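Before any comments, here is the structure.
Bear in mind that the values here come from a model prediction, so they are computed numbers and not experimental data. For ligands, and for the atoms within them, numbers begin at 1 and follow the listed sequence.
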Amino acid sequence: MSVVDTSHPAVRSLFGLAVGDAFGAQILMPGDHPAVLERRLPPTPWNWTDDTEMACSVYSTLARYGHIEQDALATSFAAHLDPDRGYGSAAERMLLRYRKGESWREVAPAMFGGTGSWGNGAAMRVAPLGAWYGPDVDAVVTEAAKSAVVTHSHPEGVAGAVAVAVAAAIAATAPGIPPGEFLQAVASRVPESEVRRGIHAALDLLHTDDPRDAGQRLGTGHRTSAPDTVPLAMWLAARNLGSYEEALWTAARVASDLDTVCAITGGIIAAGPGSASVPPAWLQACERLPEWVAG
Ligand SMILES: [Mg+2]
């Protein structure tokens, strides 16, 4: 992978997100398949997907402007859209409209008959933003919401992004925080929503060792919605804040939208220091980040 300053929590988080995304995308048979249970690393190279492509736009917008400049973010999403990266069909159509000059302010709220999208796409790309602002949690919440509504204006889509960004901020600034405190701290900053109820459900399941139990209660990403994806990622992150590998192999046993669950979980955990970091062999396996991310 290309290297920028890996001592910055936001960069660590971006790498953690990209490697998680790429790892998840290579696991063709998740669940209790022998390759997963025996933790055999997939063949290389691991190519990343839309999660990473969009996260690079979030990161580069922050690096360039120091905050989420929404028009620039929408332009970057559209300019860098690569249809071979696994975008959902609605997301791809939306970004193509932006590319033709339509405004996100009109297109995004009109999606899905006027509800806006509550997909997991705003959550999947936002962890580095949480790590960027770190201790300034008010800024984390505000800027995460601003980054979300460029494509996901439904309150659940926004809540998912806020939850993930706050989680990454806590991972970056409070290493060693107990799992229960971590989830409570995240939930306290998430607006009332299905996403928040799911995080409270994850809190109740912290002592469940079987990831399939957690998946049954919290959702597995099967519907690719924020409420069906973010609570499981929170459960995985909370239980494994010090171990990136353990979190992602556990995800592989249960998650449906595996690249996105691993992108979210990996982006949160890798924001933390030291033992939370991405294993060197995994970094080596992953496709390089695009040159344009560094600005
Ligand atoms: Mg993807």
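Residues Y98 and Y65 fall into different hydrophobic clusters, defined by Ile, Leu, Val, Met, Phe, Trp and Tyr side chains chained together at heavy-atom separations under 4.5 Å.
By the neighbour-count criterion of 12 heavy atoms within 6.0 Å, atom CZ of R253 is densely surrounded, having more than that number from other residues, nucleotides or ligands.
The N, O or S atom of D50 with the smallest distance to the Mg ion (ligand 1) is OD1. Closest to the Mg ion (ligand 1) among the N, O or S atoms of D51 is OD1. Of all N/O/S atoms in D259, OD2 sits nearest the Mg ion (ligand 1).
Using a 4.0 Å cut-off between charged side-chain N and carboxylate O, D50 and R125 make no salt bridge.
Taking 2.8 Å as the criterion, Y87 does not count as a coordinating residue of the Mg ion (ligand 1), since none of its N, O or S atoms falls below it.
Aromatic pair F15/W282: centroids not less than 6.0 angstrom apart.
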